[in-house]
Amino acid sequence: MFLAAFLILPAIGSLWSIKVLSLVSLVLAALVGLAWCRARPSASYRKGVVAFAVLIFGAATISTPVQWDYSALSTGSNVYFRAQPWGRAIDQLESVDGGLTTVTEGTTADGQVHRTLLTNGKFQGSDSWGGEMVAQIGIALTPLLHTDQREQALVIGYGSGVTARTLLDVGFQQVDIAELSQDIVTMADRHFSSVNSKASRHPNAKLYVTDGRNLLLLNPQKYDLISIEISSIWFAGAASLYNVEFYDLVNKRLKEAGVLQQWIQLHHISQEDLLTVIGSVRARFPYVWFYVVGGQGVIVASQANVPPEKKNAFLIDGAAGMKQLLSVYGGSITGLGKDLLIGPKEIDALLNSVPGVPMSYWISKDSTAKLEYSTPRGNVLDDPNVVPNNIKFLTSKGKAQLGW
């Protein structure tokens with residue numbers, strides 16, 4: 001079983017792994033049958049029958065089908081309850097840690113060809129400059145409105161590699177990358193180099209193929225910024241990066257005025273789960289801000305009161321390597337500050353808005369795994385009004401005033 005999972009599967013894929021294991025099983029069955037026949041001389045005629053059956057089943061196992069339909073397997077029907085228009089699969093890798101990782105190629109409504117990175121049909125990133133790149137770049141830059149430090153950063157979740165590339169281009173001296181699946185990194189650097197510049201191979205980057213939480217636990221490095229952009233919170237195990245014990249660990253690895261940035265979906269999630277995510281962060285960070293960038297939620301948190309400042313936006317604009325990335329914002333990131341939805345004051349008011357329910361109620365812990373079991377139910381929330389309704393709910397106790 002160990003050989004099948006860690007050697008055979010990555011080498012020849014799931015289909016041929018099944019064929020090989022099936023044939024091995026048939027051969028073993030045939031050997032048992034032949035041994036049984038030898039023990040009964042009167043049944044020796046059965047040897048031919050057994051051998052013939054092995055040949056027939058073996059030939060059938062090896063010959064069909066030739067390969068999986070990876071385009072069909074990448075549609076995300078198993079995740080989104082209906083096929084998504086990702087396009088046709090152009091490359092794929094299979095492994096125990098990554099499952100099926102595919103890259104698809106499709107065409108946007110305006111005729112632009114774009115590629116999408118998927119894990120078992122679940123979206124991980126895209127190179128669409130007029131679409132997902134706006135959010136991917138903006139999510140990476142949002143926390144930098146709160147800090148001018150550019151020494152050490154940690155990116156948990158490589159995805160398409162845009163976040164790591166953005167932090168390197170903006171001037172970070174060291175960017176550590178924690179990615180659970182080597183396949184994600186391989187496919188991202190192979191097919192998305194035009195948007196990530198193969199960030200994992202940059203001389204100032206260090207790649208760790210491991211769980212991000214384990215890296216924080218074992219690596220004593222202190223960071224100016226920790227950026228978390230893993231897959232959706234309802235994926236098995238993902239909620240452990242939204243529990244208070246994880247935020248305790250983050251606090252140990254952030255510098256005194258260090259900043260945490262964490263992506264949180266606004267689609268397919270209930271308002272109660274949103275409160276729990278925000279409440280869990282707030283339980284360990286006195287200062288929390290919430291942005292909506294390209295329709296995506298972005299949490300920024302710190303132990304220090306480091307509000308977004310215009311001078312930090314100008315610092316980003318002036319970074320030598322940012323010209324291409326800033327083109328999606330018209331050359332300047334100053335407008336990103338307008339994506340700030342709520343700040344520390346509004347967040348505390350929101351968490352205290354339910355009569356008779358204290359802020360401490362909105363906390364998810366490892367021991368209770370509240371988000372682990374609650375968030376998957378959000379997948380049925382497929383109404384197009386879910387995102388605007390969630391934004392309206394988040395601002396129900398006020399909207400942050402930027403003051404720029």
Side-chain contact test, heavy atoms from C-beta onward, threshold under 4.5 Å: evaluate it for T101 versus I184 and give yes or no.
yes
Step by step, would you call L100 with W68 a side chain to side chain contact (heavy atoms under 4.5 Å, CB included)?
CA-CA 11 Å; L100 174 62; W68 298 129; over 6 Å; no
Which value, rounded to the nearest 0.5 Å, describes the distance between D189 atom CG and L207 atom CG?
8.5 Å
With no hydrogens and no angle check, just 3.5 Å: does a side-chain donor-acceptor pair link Q261 and Y291?
no
Main-chain N/O of G258 paired to S302 side chain as donor or acceptor, under 3.5 Å
yes
So, R165 side chain and L325 main chain: donor-acceptor pair closer than 3.5 Å or not?
no
Using only atom types and a distance under 3.5 Å, with no angle test, would you say the side chain of N389 pairs donor to acceptor with the backbone of N385?
yes
Check for a donor-acceptor pair, side chain of K323 on one end and backbone N or O of G331 on the other, with a separation under 3.5 Å.
no
Please name the residue in the list L141, V134, D339, I137 that meets the side chain to side chain contact (heavy atoms under 4.5 Å, CB included) test with V293.
D339
Classify the ring geometry of F285 against Y247: parallel below 30°, tilted from 30° to 60°, perpendicular beyond 60°.
perpendicular
Shortest non-hydrogen contact from Y223 toward D176:
OH-OD2, 2.6 Å
Sub-3.5 Å donor-acceptor pair from the side chain of Q152 to the main-chain atoms of K255, do we have one?
no
Going from OG1 on T116 to CD on Q124, what distance comes out if it is rounded to the nearest 0.5 angstrom?
11.0 Å
So does K365 pair up with E245, basic N to acidic O under 4.0 Å?
no
Do L266 and L274 have side-chain heavy atoms sitting under 4.5 Å apart?
yes
Heavy-atom closest pair, residues G398 and I342:
O-CG2, 3.4 Å
From the list L402, V298, V292, side chain to side chain contact (heavy atoms under 4.5 Å, CB included) partner of L340 resolves to L402
Heavy-atom count around K311 NZ within 6.0 Å, excluding the residue itself: above 12?
yes
Side chain to side chain contact (heavy atoms under 4.5 Å, CB included) assessment of I278 paired with L394:
CA-CA 10 Å; I278 295 171; L394 290 171; 3.7 Å; yes
Between atom CD1 of I347 and atom CZ of F290, what is the distance when rounded to the nearest 0.5 Å?
8.0 Å
Would you indicate whether the side-chain heavy atoms of T210 and L218 approach each other to under 4.5 Å?
no
Around K399, counting heavy atoms of other residues, nucleotides and ligands shown, do more than 12 lie under 6.0 Å from its NZ?
yes
What class does the angle between the rings of W289 and Y287 fall in, given that below 30° is parallel, 30 to 60° is tilted and above 60° is perpendicular?
parallel
Derivation of the side chain to side chain contact (heavy atoms under 4.5 Å, CB included) call for V162 and T166
CA-CA 6 Å; V162 172; T166 301; 3.8 Å; yes
Please report the shortest heavy-atom distance between L351 and L275, naming the atom on each side.
CD2-O, 3.7 Å
Between S280 (side chain only) and S364 (backbone N and O only), is there a donor and an acceptor less than 3.5 Å apart?
yes
As an exercise, state the distance from CD1 of I177 to OH of Y158, rounded to the nearest 0.5 Å.
5.5 Å
Report yes if some heavy atom in the side chain of Q112 is under 4.5 Å from a heavy atom in the side chain of W129; otherwise report no.
no
salt_bridge(R150, D224) N-O dist < 4.0 Å:
no
Reported CG-to-CD1 distance for the pair L371 and I233, which is rounded to 0.5 angstrom
4.5 Å
I'd like to know if the side chain of S126 pairs up with that of S128 as donor and acceptor (distance under 3.5 Å, no hydrogens or angles considered).
no
Less than 4.0 Å between a side-chain N and a carboxylate O, is that true for K397 and E346?
no
Test D273 against S374 for side-chain hydrogen bond (donor to acceptor under 3.5 Å, both in side chains), laying out the working first.
CA-CA 7 Å; D273 286 340; S374 178; 2.6 Å; yes
Might you point out which heavy atoms bring R284 and D248 nearest each other, and give the distance in Å?
NE-OD1, 2.6 Å
Quick one: closest heavy-atom pair of T104 and S74, and the distance?
CG2-CB, 4.1 Å
Kindly indicate whether the side chain of L154, heavy atoms from C-beta on, has any atom under 4.5 Å from the side chain of N219.
no
Min side-chain heavy-atom separation T107-H114 under 4.5 Å
no
Which residue, V306, N305, L260, forms the side chain to side chain contact (heavy atoms under 4.5 Å, CB included) with H146?
V306
Would you find a donor on one side and an acceptor on the other, under 3.5 Å apart, between the side chain of S71 and the backbone of A89?
yes
Taking N78 for the side chain and G121 for the main chain, is one N or O donor matched with an acceptor at less than 3.5 Å?
no
If we ignore hydrogens and angles and just use 3.5 Å, is the side chain of D317 paired with the main-chain N or O of I333 as donor and acceptor?
yes
D169 side chain to M322 backbone, donor-acceptor under 3.5 Å
no
Between the CG atom in L217 and the CZ atom in R253, the distance rounded to the nearest 0.5 Å is 7.0 Å
Is any side-chain heavy atom of R88 less than 4.5 Å from a side-chain heavy atom of Y70?
no
Do other residues, nucleotides or ligands put more than 12 heavy atoms under 6.0 Å from the NZ atom of K392?
no
One pair to check against side chain to side chain contact (heavy atoms under 4.5 Å, CB included): Y242 and I264. What are the steps and the verdict?
CA-CA 10 Å; Y242 293 84; I264 177 65; 4.1 Å; yes
Closest non-hydrogen atom pair between I90 and R115, with its separation
CD1-NE, 3.5 Å
Validation row: S396, L350 side chains within 4.5 angstrom (heavy atoms):
yes
